[in-house]
Amino acid sequence: MLYKAPKVGGLEDERGMGFEPVSGPAPARSRRSGRGICEHMFVRWSNLTLDGEEQRRLPGYRDEAVVRRFDAPEALETRFYEVRARSVLNRVPAASRMPFRWTINPYRGCTHACVFCFARPTHTYLDFNAGRDFEREIVVKVNAPEVLRTELARPSWKGEHVALGTNTDPYQWVEGRYRLMEGIWEALRDAANPCSVLTKSPLLLRDLNLMQQISERASFSACLSVPTLDEKAWRATEPHTPHPRARLEAVAELNRAGIPTGVLVAPLMPGVNDAPEQLEPLLESAMEAGATSIGGVALHLRGEVRAIFMEWLQAHRADLVERYEELYRRGAYAPREERERLSRMVRWRGAPGGFRSAGPSPAPAAEERSRGPLTIARQQPLF
């Protein structure tokens, strides 16, 4: 059973990730016809009314953003800054450990409000804070599809792989209102450009037909982030995300439709979601959903995320504070032996050939080659 729903112009960069924007003029905004509401939408944005409008100038943007509020329970106290971007293809520096070189982020800030989100520090470059502002002050690049189409058509563009969902979730709730991903997929489809998406939301099923059309012309894959099935851990760490089981059902539906889709168990947080009784049901469910890959990434606490997470820990899991202070006393990453322990826990031993986690493994090369049909996930630490 599927769960049902209960830049105004300027150059900007995703400096928290070290992205370099591709500059160029922003084409005129187009209006796309509305489409049916997907049953996986969590906000019925089609029935919403605006609750006021103002303007504000954001750092890095030439013109003022239009600031909107929407009359919906999920959108209360949240402001959406409509901006018109000059570029949406962002280059990932060669020195980065990311397995891709180009990414698109139609939104900045995220209403999912995951306490561990690695992207929180990027909001400080907009003169917002990485805490509540990251969750409540959302930047919407309203012309992203049109700009992308122009950039993909340039002779200098070499058709490299483009990853979506690498910073903030492109299918966070407000996508139900702005529907930017439809135009983005259409542009990538028409350019026959290889791409992929990582999300926490089954709302991506709304665009399944477009994904199938892309996969007929270029390589395409999807991945759903599912850190845990444990209700208590999920509600405490990812308070505004869709239910984890709804995400796994989306994995199953995408795979049935011919879209190779995996599961990313991330972040793995010692004492929070790493118990065998928490992980084993998740791995079993991922197998049942036909997941083509599985990856596990240990929590890392970079920049402002460290203080935010430790404050949450003190309030919700005071028993773990001392353990985390020791684990992360030397920096943003847990010790190598702890990362390897978590990586091994995610490995699925019940599958033919086994699932492999994303982290380091002592498995010899010969064993790697005999893993079987399941893809070995090489997802780098996004969390």
Side-chain angles (χ1 to χ4, degrees), residues 1-4 6 40 42 112 114-117 169 198-205 222-256 259-299 312-313 316-317 319-320 323 334 338-359 361 363 371-377 379 381-383:
M1 175 180 178
L2 292 176
Y3 282 77
K4 295 188 179 181
H40 299 277
F42 299 92
H112 285 340
C114 302
V115 67
F116 48 72
C117 183
D169 200 321
L198 170 66
T199 180
K200 292 179 181 290
S201 176
L203 176 58
L204 86 166
L205 291 174
C223 189
L224 273 290
S225 172
V226 190
T228 186
L229 293 181
D230 184 291
E231 291 275 338
K232 185 176 180 180
W234 162 55
R235 293 183 184 278
T237 58
E238 299 183 316
H240 299 147
T241 57
H243 197 285
R245 292 198 179 277
R247 300 179 226 175
L248 288 171
E249 289 170 354
V251 172
E253 188 165 340
L254 286 161
N255 279 310
R256 285 195 297 267
I259 302 298
T261 306
V263 172
L264 181 63
V265 185
L268 284 163
M269 297 169 280
V272 178
N273 69 337
D274 69 331
E277 60 268 25
Q278 292 172 309
L279 287 172
E280 288 172 9
L282 174 53
L283 295 172
E284 290 173 356
S285 297
M287 278 294 297
E288 292 172 1
T292 56
S293 65
I294 190 167
V297 180
L299 173 73
W312 173 87
L313 209 61
H316 296 271
R317 292 297 306 271
D319 58 307
L320 293 176
R323 180 178 180 183
E338 178 67 2
R339 299 199 306 270
E340 291 180 346
R341 180 190 73 82
L342 293 169
S343 175
R344 288 192 297 271
M345 291 190 72
V346 174
R347 184 180 306 162
W348 175 240
R349 296 179 178 83
F355 266 126
R356 273 295 310 280
S357 65
S361 170
R371 286 290 176 183
L374 294 174
T375 302
I376 297 173
Q379 181 70 43
L382 296 177
F383 296 87

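Computed from heavy atoms alone, side chains included, the values below leave out hydrogens, waters and symmetry copies. Given the structure is predicted, the values throughout are model-derived calculations rather than measurements.
Using a 4.5 Å cut-off on side-chain heavy atoms (C-beta onward), Val346 and Val297 make no contact. Under the 4.5 Å side-chain criterion, counting only non-hydrogen atoms from C-beta, Thr241 is not in contact with Ser201. Contact annotation: the side chain of Val272 never approaches that of Thr228 to less than 4.5 Å [non-hydrogen atoms, C-beta and beyond].
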side-chain contact (heavy atoms from CB on, under 4.5 Å) between Leu224 and Thr261: does it pass, once the steps are laid out? CA-CA 7 Å; Leu224 273 290; Thr261 306; 3.9 Å; yes
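Checked for salt-bridge contact, Arg235 and Glu231 meet the test: a charged N lies under 4.0 Å from a carboxylate O. Contact check on Arg317 versus Asp319 returns a salt bridge, with a Lys/Arg side-chain nitrogen under 4.0 Å from an Asp/Glu carboxylate oxygen.
Expressed to the nearest 0.5 Å, how far NE2 of His112 lies from SG of Cys117 amounts to 9.0 Å. Note that CD of Glu253 is 9.0 Å distant from CG of Leu204, once rounded to the nearest 0.5 Å. Distance CG/Leu264 to CG/Leu198: 6.0 Å, rounded to 0.5 Å. Here the CZ-CZ distance, from Arg339 to Arg344, works out to 12.0 Å after rounding to the nearest 0.5 Å. Interatomic distance, Leu299 CG to Leu342 CG, rounded to the nearest 0.5 Å: 9.5 Å. With rounding to the nearest 0.5 angstrom, the CD1 atom of Ile294 is 9.5 Å from the CE atom of Met287.
Screening residues 264-275 for salt bridge (charged side-chain N to carboxylate O under 4.0 Å, His left out), with sequence neighbours left out, gives Asp274-Arg341.
Partners of Ala236 by side-chain contact (heavy atoms from CB on, under 4.5 Å), not counting sequence neighbours, listed by chain and number: Trp312. In this structure Thr199 satisfies the side chain to side chain donor-acceptor pair (under 3.5 Å) test together with Asp169, sequence neighbours excluded. Partners of His240 according to the ring-ring contact (aromatic ring centres under 6.0 Å, His included) rule, which considers only residues two or more places apart in sequence or in another chain, do not exist here. A search for side chain to side chain donor-acceptor pair (under 3.5 Å) contacts involving Asn255 returns nothing, not counting sequence neighbours. Among residues two or more places apart in sequence or in another chain, the side chain to side chain donor-acceptor pair (under 3.5 Å) test is passed with Glu238 by Lys200, Arg247.
Smallest separation of non-hydrogen atoms from Pro244 and Leu229: CB-CD2, 3.7 Å. In terms of heavy atoms, Val263 sits closest to Ala286 at CG2-CB, 4.0 Å. What you find for Ala266 and Pro227 is that their closest heavy atoms are O-CG, 3.0 Å. Across all their heavy atoms, Arg245 and His243 have their closest contact at N-ND1, 3.0 Å. The two residues Gly262 and Ala291 come nearest to each other via the heavy atoms CA-CB, 4.3 Å. The minimum heavy-atom distance between Pro267 and Asn273, with the atom names listed, is O-ND2, 3.0 Å.
Screening Leu283, Leu279, Leu268 for a side-chain contact (heavy atoms from CB on, under 4.5 Å) involving Met345 leaves a single residue, Leu279.
Judged by distance alone, the side chain of Gln278 and the main-chain N or O of Ala275 form a donor-acceptor pair under 3.5 Å. In this structure, the side chain of Thr237 engages the main chain of Ala233 through a donor-acceptor pair within 3.5 Å.
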